[in-house]
J.: 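Structure incoming, see below.
Heavy atoms only: backbone and side chains are in, while hydrogens, waters and symmetry mates are out.
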Amino acid sequence: MDTYFAYDVETANYDYSTICQIGLVKFEDGQVVESWDFLINPQTEDFMFTCIHGITYNMVENKPTFNVNRYKCQIKIILYFCTIHQIKV
């Protein structure tokens with residue numbers, strides 16, 4: 001079974017540090033089997049790309065910052081690999 005993950009990142013403006021959403025998708029044999037998305041507080045009110053992704057400052061002002069959401073994505077991927085690979089000691 002071929003399994004892989006893909007992700008997408010949205011930013012509030014041209015500054016790459018203003019990530020306001022991360023999307024994560026798990027594929028098995030070319031089919032989507034799970035997906036997650038995390039809204040992120042980019043710690044700026046300067047939203048220039050709302051017309052592209054539809055995310056506004058009001059939607060993210062009380063959400064966790066990037067570091068918290070980055071760990072959520074990493075945990076999803078790590079848990080997947082822990083379930084399919086047996087570690088032999």
J.: Is any side-chain heavy atom of I19 less than 4.5 Å from a side-chain heavy atom of E10?
T.: no

J.: Are W36 and I40 joined in one hydrophobic group, where the rule is that I, L, V, M, F, W and Y side chains link up if heavy atoms are under 4.5 Å apart?
T.: yes

J.: Does the distance from a Lys or Arg side-chain N to an Asp or Glu carboxylate O, for K26 and E28, drop under 4.0 Å?
T.: yes

J.: Would you find a donor on one side and an acceptor on the other, under 3.5 Å apart, between the side chain of H53 and the backbone of T11?
T.: yes

J.: Within the structure provided, determine whether F27 and V33 are in side-chain contact (heavy-atom separation under 4.5 Å).
T.: no

J.: If you define the side chain from C-beta out and look only at heavy atoms, does anything of Q43 sit under 4.5 Å from T65?
T.: yes

J.: Looking at side-chain heavy atoms only, is the closest gap between P42 and Y57 below 4.5 Å?
T.: no

J.: Can V25 and E34 be said to form a side chain to side chain contact (heavy atoms under 4.5 Å, CB included), step by step?
T.: CA-CA 6 Å; V25 180; E34 291 186 71; over 6 Å; no

J.: Hey, are S17 and D15 close enough side-chain-wise for a donor-acceptor pair under 3.5 Å?
T.: yes

J.: For residues Y7 and F38: do they belong to one hydrophobic cluster (side chain heavy atoms under 4.5 Å, members Ile, Leu, Val, Met, Phe, Trp, Tyr)?
T.: yes

J.: Side-chain contact, heavy-atom cut-off 4.5 Å: V60 with I55?
T.: yes

J.: Side chains of N13 and T18: do they bring a donor and an acceptor to under 3.5 Å?
T.: yes

J.: Return the SG to CZ distance between C20 and F49, rounded to the nearest 0.5 Å.
T.: 9.5 Å

J.: Are the side chain of D8 and the backbone of G23 linked by a donor-acceptor contact shorter than 3.5 Å?
T.: no

J.: Does any part of the side chain of F5, heavy atoms only, come nearer than 4.5 Å to the side chain of L24, both counted from C-beta?
T.: yes

J.: How long is the gap from OG1 on T56 to CD on E45, to the nearest 0.5 Å?
T.: 11.0 Å

J.: Under 3.5 Å, side chain of N41 to main-chain N/O of N62, donor-acceptor pair present?
T.: no

J.: Under a 4.5 Å side-chain heavy-atom rule over Ile, Leu, Val, Met, Phe, Trp and Tyr, are Y14 and I52 clustered together?
T.: yes

